Each structure stands twice: as structure tokens, then as C-alpha cells.
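Working notes for the structure below.
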Amino acid sequence: MPRSIVLKTAVPGPASAALGKRRLESVPRGIAHWTPIFAARAEGALVEDVDGNRFLDFAGGIGTLNVGHANPEVVRAASAQLARFTHTAFSVAMYEGYVALAEKLNRITPGAFPKKTLLVNSGAEAVENAVKIARHYTGREAAVVFEHAFHGRTLLTMSMTSKVQPYKLGFGPFAPEIYRLPYPAAFPGSPAEGPGNRPEATLQEFFSVHVAAEKVACVALELVAGEGGFLVARPDFVRTLERFCREHGILLVIDEIQTGFGRTGRMFACEHYGIAPDLLTMAKSLGGGLPIAAVTGRADVLDASQVGGLGGTYGGNPAACAAALASIEFLEKNRLAERAEAIGRTVRDRFLRLASRFPFIGDVRGLGAMQAMELVRDRATREPDKERTNRVIQTAYENGLILISAGTWGNVIRTLMPLVITDDQLEEGLDVLESALG
Ligand SMILES: Cc1ncc(COP(=O)(O)O)c(C=O)c1O
């Protein structure tokens with residue numbers, strides 16, 4: 001098979017470097033960039049830059065492109081909608097696409113109860129609205145979140161986010177009434193009595209020491225902590241949490257912004273856990289590359305707020321709705337959740353083999369195609385090795401593979417490749433990663 005990666009210049013090439021200079025002059029430095037390349041076109045799991053270099057993409061627009069770059073069916077649906085009309089504002093003149101997408105999300109999300117869907121523009125906006133809605137419905141103010149969480153960059157969602165550097169440093173004061181539990185992950189070598197290992201006792205103690213359960217509107221949880229380094233929540237903790245929430249009138253918000261739409265081997269990660277949250281937040285791969293996000297959940301909860309209390313000028317833009325419908329249809333038709341399972345197995349097998357070769361791989365973890373390796377200085381102490389992680393990512397990029405890290409200490413390499421990646425492309429990308437490690 002011919003290689004997918006084609007590097008015509010050293011990277012960044014001259015055209016990317018020239019644009020990079022303009023970017024430094026015109027765009028705030030606070031916006032990070034994982035690579036210094038500028039895209040010219042992209043297709044499937046490939047990105048071509050303005051110098052004609054072709055990269056394999058294991059970042060997928062940070063988990064946004066489960067259906068692949070420039071998916072033809074998504075492009076066709078969005079283009080056809082753009083030719084009809086670009087925008088009316090759903091609160092001024094409504095259109096079928098919004099309703100059709102709401103119907104679709106109400107159908108495919110977990111839970112056999114009546115549901116409704118609010119459409120917004122970004123993941124942060126979805127989480128922010130979920131908390132607003134939960135507060136209105138319950139008449140309570142507090143929100144409980146977890147260590148290593150990432151929920152967005154707006155004031156409320158930044159306050160809910162756990163990572164200080166770079167997300168919070170200097171941006172306070174933060175929103176009040178947010179309380180934080182340890183993330184209920186099973187760490188290798190963690191003591192049997194760690195926080196996630198005693199779910200009932202952990203919750204009883206937390207709601208005695210930190211905040212009264214009757215003051216809590218919602219608990220928001222990522223079942224796989226995306227930016228937090230692909231920590232996977234323990235099923236026993238999640239099920240206990242769901243029961244505890246129900247018993248105490250607390251709404252359970254599951255943030256599936258990174259885990260949703262097939263990424264973990266099911267349409268939603270909730271399906272692995274057999275839970276149906278009161279509110280589910282979605283974004284990223286919902287729109288197949290266009291900006292759209294959603295809150296789907298119990299109809300009685302979503303209907304609680306007054307008319308005009310929810311919405312926004314662009315929420316559920318018609319082209320984004322058309323793209324989302326086409327994207328979901330493509331995922332279903334091509335069984336991309338099953339494909340994610342297979343991709344995940346291949347990645348995990350390779351990562352485990354690499355872990356037996358390289359002592360600095362401290363852990364391999366994930367769910368479905370959301371796999372990660374954690375790089376450490378010493379397996380016994382688990383001291384994070386961010387410098388090595390950055391070196392590996394840089395070497396991979398110089399050899400044509402786009403990779404991104406995650407984790408509170410920046411020492412986790414994660415995979416978010418488009419699920420349309422071919423087997424040959426997957427092997428080629430893993431070979432580049434393997435060489436970058438050694
Ligand atoms: C789990 C999770 N929630 C919320 C967000 C915020 O989404 P957005 O960047 O679209 O605001 C992200 C983004 O990475 C995410 O991974």
C-alpha cells in the first residue's frame with residue numbers, strides 16, 4: 001500500500017511558516033496550537049497543509065470528526081441547506097431541521113422516557129445550559145463536578161473545569177456553588193480503599209462534609225475524562241451515583257461532548273454503564289465539523305424554564321442541523337461505533353506491546369477508540385513526564401502524524417482519529433508513533 005503520509009518539505013513548510021508569522025501578529029497567543037501547520041484541505045483521516053504535505057490525523061479536530069474530514073454526505077447536506085437559507089434564528093422563524101435533529105437526538109440517546117432537546121453552539125454552552133436548566137428545575141444552586149474534569153472555557157464551565165494551568169490561572173474569580181469530588185477512576189496500583197473504590201461511603205462523606213444533598217441541583221460527570229487524560233469512570237461508582245442522585249432529587253448530567261457519537265464503541269458512553277442521565281450534553285462529533293451542541297434530557301426538566309429563558313441567536317443554525325442529521329445517519333449506516341471498538345482494540349494491543357518495551361509508559365487505558373498511554377519518569381512513583389510526551393508528539397508531527405496530549409500533567413497521549421480511518425492508515429500512524437517513542 002502506498003503511504004498516506006507525504007512530506008514534501010521539512011515541516012512547517014515555507015507557506016505555513018509565513019502564515020504562522022501573520023498568525024502571531026494578529027491572533028492572541030493564548031490560543032494554543034498543537035502543530036504550526038496551516039490546513040489547505042482535509043479528507044477522511046488525512047490533512048493536507050498549504051505546502052502540500054499530507055499528515056495522518058490522530059486528533060480529528062479534538063474528537064470532532066468521527067465521520068471523517070469533509071465527509072461528503074455532511075458537506076452535501078450542509079451545502080444544500082446553505083443554498084436554501086443560511087439563518088433565520090429559530091426564535092424568529094422556525095425550520096424543520098431543528099425539530100428533526102431534536103427528534104433524532106431524543107430517539108437515540110439513552111433513556112426510555114419522554115425527552116426534549118435544546119440546540120446551542122458549543123460544548124461549553126451545552127454544559128452551561130444543562131446547569132441552568134437543572135437549577136431552574138430543582139430550585140437548587142449547587143453543582144457537583146469532579147477532579148480532572150473539563151467542561152469548557154466560559155465562566156461557569158471554566159469554574160467546573162479542574163485543570164488550573166492553562167485553563168483557570170489568572171481568570172478568576174470563579175462561579176460560586178461548585179463542589180468537587182475525586183474522579184472515580186481505578187488507577188493501577190491505587191490502594192484498594194481509594195475514593196472511587198467505596199462509592200457509597202465516598203458519596204455519604206462528601207455530602208456530609210462539603211455540601212448538603214438537598215442544595216445540589218446536579219452532578220456533572222464525564223464517563224471518560226477527555227482533557228483529564230482518558231481516565232475511565234468505574235461502573236460501580238457511576239451506578240451508585242445514579243441511584244444516590246435519584247434518591248436525593250439531584251439531576252445527573254453526563255457530559256458526552258468528547259465520548260459521544262460512537263467514539264467509545266457505543267453511540268454514547270452511557271450505554272457501557274447501563275445508565276440514562278436526566279440531561280446529556282453533546283457537541284464535537286455531533287456536527288461532523290460544524291459548530292453545534294445539544295442538551296437532551298427529560299422533557300419535564302427541559303420544559304421547566306420560562307419562555308425566552310433558553311436559546312441564543314445562532315443555536316441550532318440550519319446548516320449545522322443539516323450537517324448533524326447527515327453525520328448521525330452516516331454513523332448509523334456505516335456502524336462507526338462498531339468500527340470504533342475495532343480501532344480501539346488495534347490501538348490498545350499496540351500500546352500494551354509498547355508498554356512492555358518502554359518502561360516510561362506508565363499506563364494504557366481507554367474505552368473503544370478513545371485510547372491513551374500515560375508517560376512517566378518511573379512506573380513505581382508515576383511521576384508524570386510531560387517533557388517526553390511533548391518530544392514524542394513533536395517527533396511524530398515531524399514524521400507526518402498529528403497527535404495531541406491530555407491529562408492534568410500533560411503527560412497522556414490520546415487517540416481521537418476519525419473513525420473512517422482505514423486499517424492501513426491506522427497501522428501507518430501507529431508505526432510513526434512507535435518510532436517517535438523509541
Ligand atoms: C467533555 C467536554 N466537555 C466540554 C467541552 C467544551 O466544548 P467546547 O470546546 O465546544 O466549548 C469539551 C471540549 O473539549 C469536552 O471535551
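All ligand and atom numbering here is 1-based and tracks the order in the structure. Model, not experiment: these values are computed from the prediction.
- Relative to the six-membered ring of Y273, R239 misses at least one condition, a distance below 6.0 Å or an angle of at most 45° to the axis.
- In this structure, the side chain of N411 does not engage the main chain of E374 through any donor-acceptor pair within 3.5 Å.
- Between the side chain of E428 and the backbone N or O of I5, at least one donor-acceptor pair lies under 3.5 Å.
- Contact detail for V420 and F330: the closest heavy-atom pair is CG1-CE2, 3.8 Å.
- K168 forms a cation-pi arrangement with F174, by the criterion of a distance under 6.0 Å to the ring centre and an angle within 45° of the ring axis.
- For a heavy-atom separation below 4.0 Å, the residues in contact with ligand 1 are S122, G123, A124, F150, H151, G152, E222, E227, D255, I257, Q258, K284.
- Salt-bridge check for R180 with E147: failed, with every basic side-chain N at 4.0 Å or more from each acidic carboxylate O.
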